[in-house]
Amino acid sequence: MIEYLIYLLTFVIGSIAGLLWSYKIHSEPYVIENIDIKSLIIAIVGWVITINNFGSWILIAIGLFLIGFVFNERPGYGRKETVIGIVVSVVIYLVFRFISGVIV
Amino acid sequence: MAEILIDVIVAFLGGSLLLGLHRKIMARVQRRPGPPIIQNLLHSLKFFFKETAFPKTASMPFYVGIIFILAVVWIIGVIAGPVTENSLLILFGVYAVYKIVEHNAGSSSGSPYGKMSCVRAVLSAATELPLFAAIVLVYAKTGTMNIAQIISYQGVHGPLVASVPLAALMFFVLILAKSPYSPFAITKGKDLVTGYETEHFGVLRGFLMFSESVAWFVLCWLFLTVFFGPISVLWLVVGLIVIAVITGFINATTPMLSPNHSVMTLITICCICFVGTILMIII
């Protein structure tokens, strides 16, 4: 059970960090902008290492920290990056599954 | 002891995030950006550091004690549920006491909003009817009240949601009634400000929000465990998110019912589902 507590805590800490960071970056009134490259990279890395479970709870915890960081940015920001992160990680997961299935 | 503490913290964090997600879903349905999903958690934590004021009209020490009783009640819910997988009757008792506490929290502050909420809490005890009926039907089907044995039963015979779907629906209606901004949430109608919570500030409000988060986690966990059988943690998380999405969507698109309509709707759903399930079991 302790690992789930760690997952939740890392997600929450990542969320708070992301919220503070995005308010620091975006102090202007809300405007719809293009995709933020930094957030996109963080989201992709986070979702890939979480969904493609490499068997390490530390990696999953880091992944959840990164997911929370982008997912809980200032309202309106980080949505597109999160969706792209999910799509990329699911595609990578399916490709790995397909390759491992072919090899087996 | 450590396991209980860890489970309570997990229930609090998980429940808070799910309630935050629920609020976010409602906002998105209403075409608003909505707050981040950690907003509910941040609110809960914030109240622990705020000044605690006591109304002159409050009946002390009842006013303070009832809040801690509420927190203890749901901690017992965590122990009887996720920790020990004990009897469903204990959880029914927890929910019954929770309704009494809700009633008393409203009456103890002396606020007219709290008092009105207190009266409505008596009416909203109708939500216990679906819970009790669902427990009876689960017992009729499985022959046990023990959650661990119900899980084992489903491991052999398949999930109960397939064999007694109307009982599952009844339980889901209970969860819906407990969710924020629900059409059945008459104790916290907008006409009552925040209902029985109106005159609770600082640490007391923090404990109220803590209890609500834990309660939400326990009820959703119970629903998924009792009706969807032995499920992995991943599917449990998916189920919890799906419940938050469905209840958020329903609450965002339906108005709050008046107290008498709310009670009659709950009782009608309960009667239809109960009779339907009995017929399904007999036939």
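A quick note: this is a predicted structure, and the numbers were derived from the prediction, not measured. Every chain is numbered from 1 and lettered A, B, ... according to where its sequence line falls, protein lines coming before strand lines. What you see below is based on every heavy atom in this structure, not just the backbone, and it leaves out hydrogens, waters and symmetry mates.
Contacts with chain A (heavy atom to heavy atom, under 4.5 Å) involve no residue of residues 72-82 of chain B.
Around CZ of A:F71, the count of heavy atoms belonging to other residues, nucleotides or ligands within 6.0 Å does not exceed 12. Heavy atoms from other residues, nucleotides or ligands lying under 6.0 Å from CZ of B:F249 number 12 at most. For B:Y139, the OH atom sits in a loose shell: 12 or fewer heavy atoms of surrounding residues, nucleotides or ligands are nearer than 6.0 Å.
For B:I37, the parts lying under 4.5 angstrom from a heavy atom of chain A are both the backbone and the side chain. Using a 4.5 Å cut-off between heavy atoms, B:L17 touches chain A through its side chain atoms alone. Interface remark: A:L5 contributes backbone and side-chain atoms alike to the contact with chain B (heavy atom separation under 4.5 Å).
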Donor-acceptor table for chain B and chain A, threshold 3.5 Å:
| from | atom 1 | to | atom 2 | distance (Å) |
| --- | --- | --- | --- | --- |
| B:I37 | N | A:N72 | OD1 | 2.9 |

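Of all non-hydrogen atoms in A:P75 and B:P36, the two that sit nearest each other are CG-CD, 3.8 Å.
Atoms CD1 and CD1, on B:I6 and A:I6 in that order, are 8.5 Å from each other to the nearest 0.5 Å.
Within the 4.5 Å cutoff, the side chain of A:L19 has heavy atoms near those of the B:L42 side chain.
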